Each structure stands twice: as structure tokens, then as C-alpha cells.
Amino acid sequence: MSEKNEENVDPAGSTTMFRRFVAENQQSEPEPRRPITPYVLAGVGALVAIAIIVGVVLTWS
């Protein structure tokens, strides 16, 4: 008989408890991180430019 009572548990009960938990424990959203890709590309571009300049100077001297 107890098995039949366990089958009648409200499935929305856990959802309701979860929603209440979320509503009571509000946390601020973390700030989005700034993308690092433009900085990496700028650094690589600067290194390539310096390498080209050094190569041209060594070739012509």
C-alpha cells in the first residue's frame, strides 16, 4: 500500500521547491569577460611587423 502512495507524489513539488530556492537565493550575474583574441592578434601582428623590418634592414645592409 505504501508503494501506491509514493506513486502519487506531486511531480511539480520538486519544481516548486527549486523555483522558490532560486527566487530566494538571487545572485548577481558575473560580468562578461572581455575577449582576448584582438589582443593576441595585435601582438602577433606587431611581432610579424618587427620581423619584417628587421629582415629588410639586414637584407639591405
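Note that this is a predicted model, so its numbers are computed, not measured.
- Other residues, nucleotides and ligands contribute only 12 or fewer heavy atoms inside 6.0 Å of the CD1 atom of Ile36.
- Taking Ile, Leu, Val, Met, Phe, Trp and Tyr as hydrophobic and joining them when side-chain heavy atoms fall under 4.5 Å apart, one finds Ile50 in a cluster with Val54, Leu58.
- When the side-chain contact (heavy atoms from CB on, under 4.5 Å) test is applied to Val48, the partners found at least two apart in sequence or on another chain are Val44, Ile52.
- When all heavy atoms of Pro35 and Pro38 are compared, the closest pair comes out as O-CD, 3.8 Å.
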